[in-house]
Protein chains: 2
Amino acid sequence: MARVSCSDPAPDPVPDVRRRLLDVAAEVLAEEGPSALTTRRLTREVGTSTMAVYTHFGSMPALVREVVADGFAQLCARVGAVPRTDDTLHDLTTVAAAYRQHALAHPRLYAVMFGSASLGGYRLSDEDKGVGLEAFGQLVAVVERAMAAGTLRRDDPAAVAGQLWTALHGYIMLEQAGFHRVVDDPEDALLHPMLGHLVAGLAADRMPG
Amino acid sequence: MARVSCSDPAPDPVPDVRRRLLDVAAEVLAEEGPSALTTRRLTREVGTSTMAVYTHFGSMPALVREVVADGFAQLCARVGAVPRTDDTLHDLTTVAAAYRQHALAHPRLYAVMFGSASLGGYRLSDEDKGVGLEAFGQLVAVVERAMAAGTLRRDDPAAVAGQLWTALHGYIMLEQAGFHRVVDDPEDALLHPMLGHLVAGLAADRMPG
DNA sequence: CATGCTGTCATAACGTCGTTATCGTCACTC
DNA sequence: GAGTGACGATAACGACGTTATGACAGCATG
């Protein structure tokens, strides 16, 4: 009888080589970066041979692909866990904050997820992007609710959500690349005003001009 | 008598191994991506041995560093070549367009420049970022002129320029990662409205609320 | 001219990488 | 007990970045 629950500690003395490979891979990636995630290092850590990677995943890029898929799923779950309220504008803020928080907590994984940090021969596949776009779909939903509530001007929800995502993603990328020394407090000087101006532009009732 | 002019074809039959290494490296990087830029491949292409890399640069990451520095210089020059007019708002647009145009023309180099696409052991150094920030300084200058002209509200020019840069950079990153399938015409649905709302928010004379 | 020095690069090697072929070892079925 | 298939340990392949060694050219000095 296999118990299944959130964050099972270690019920099995040999808890599935495949699962451990994925977990240790994510761990090594998170702690030491993409260049440390090698076949030999990973299998040594798990206590098996390099063949384990190939019997379970076929190749190292395929293993990375699953790590990335897990990363997208976690991001999706993190964003999905944000409680939705009647204040749709507030929801936009909290969802964006959760997104950024997750990216900050897993910077290397986030970088690999979005095509940065090449990590050997691994490249984003279309299905990977599909999984990533599920998280984006949540943002679209929030935008749609905001439009329905009259908080945002009616427009293509995907386009509006895309604008918010683009700005947020750009902030995260520059933050992780270390280019935010241009101002003292990037969050107060860059992120919040930028999103504020963007939301204001998207919310304005009166047409510009 | 060494002739020096823009884009000299090939005056010298052996035009400096060091220079050729840098040029071919940039070429291979641009055409086949970071994973193709190996010591052996590069030196084979140039027609020398791997030692040439070490006598001239010390290591492969150091060579990449110079390629990146060249890339920042080119970006800087490209943005600097945009004619400044009396219409400071128009200048903001043309400068941003030139920036994006350069990134689109050299996508792999741009990715390496900004910390994406790890490229072996190479990491952005602080001085690399310093060179990159020179290009940013040009945007700050344009913003300052716009504030002086009353086009943009008075504020910290670096912060305002940072917001524009962040949004633009985010767009370019997602564009190159292939995540822009969310809308049909990303440029019209994402980039232009986003920058428009941002500039509108930065330009508004009346305070929000 | 001979000499030593310096910068440049060819050759070959070291250790590590991803990957593969081979083969032993289990758990299972009949 | 024999047969089967999944798993993984061992060892090897080619390619990687890097290094040690040495050959060769240019050039100053005796």
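Reminder, nothing fancy here: chain letters follow the sequence lines and each chain counts from 1.
Here the closest heavy-atom approach between residue B:Glu187 and residue B:Pro193 is recorded as O-CD, 4.1 Å. Listed here is the closest heavy atom pair of A:Ala25 and A:Leu63: CB-CD2, 3.7 Å. The nearest pair of heavy atoms linking B:Met113 to B:Phe72 is CE-CD2, 3.3 Å.
The side chain of A:Thr38 approaches C:dG18 more closely than any other nucleotide in the set C:dA12, D:dC16, C:dG18. Considering only side-chain atoms of A:Ser49, the nucleotide from D:dT18, C:dT20, D:dA9 that sits closest is D:dA9. Nearest nucleotide to the B:Met51 side chain, out of C:dA10, C:dT19, D:dG17: C:dA10. For B:Tyr54, taking side-chain heavy atoms from C-beta onward, the closest of the listed nucleotides C:dC9, D:dT18, D:dC16 is D:dT18.
The distance from atom CG of A:Leu37 to atom P of C:dC17 is 11 Å, rounded to the nearest whole Å. The separation between B:Arg40 atom CZ and C:dA10 atom C1' is 13 Å, rounded to whole Å. Per the geometry, CZ belonging to A:Arg20 stands 15 Å off C1' belonging to D:dC7, to the nearest Å. In this structure, B:Leu42 places its CG atom 12 Å from P of D:dT18, rounding to the nearest Å. The distance from atom CZ of B:Phe57 to atom P of C:dT8 is 11 Å, rounded to the nearest whole Å. Remark: P of C:dT11 and CZ of B:Arg44 are 14 Å apart, rounded to the nearest angstrom. In this structure, the NE2 atom of B:His56 is 13 Å from the C1' atom of C:dA10, given to the nearest Å. Taking atom CG on A:Leu21 and atom P on D:dC7, their separation rounds to 12 Å, with Å as the unit.
Taking the six-membered ring for Trp and thresholds of 30 and 60 degrees, A:Trp165 and B:Phe179 have ring planes more than 60 degrees apart, a perpendicular arrangement.
Contact annotation for A:Thr55: base contact, defined as any heavy-atom pair under 4.0 Å involving a base atom.
In summary, of the residues considered (B:Thr88, B:Asp91, B:Thr151), a side chain to side chain donor-acceptor pair (under 3.5 Å) with B:Arg145 occurs for B:Asp91 alone.
The phosphate of D:dT18 (OP1 or OP2) has no side-chain N or O of B:Thr50 nearer than 4.0 angstrom. Within the 4.0 Å cut-off from OP1 or OP2 of C:dT8, not a single side-chain nitrogen or oxygen of B:Thr48 is found. Contact between the side-chain N/O atoms of B:Thr39 and the OP1/OP2 oxygens of D:dG17 is found at a separation under 4.0 Å.
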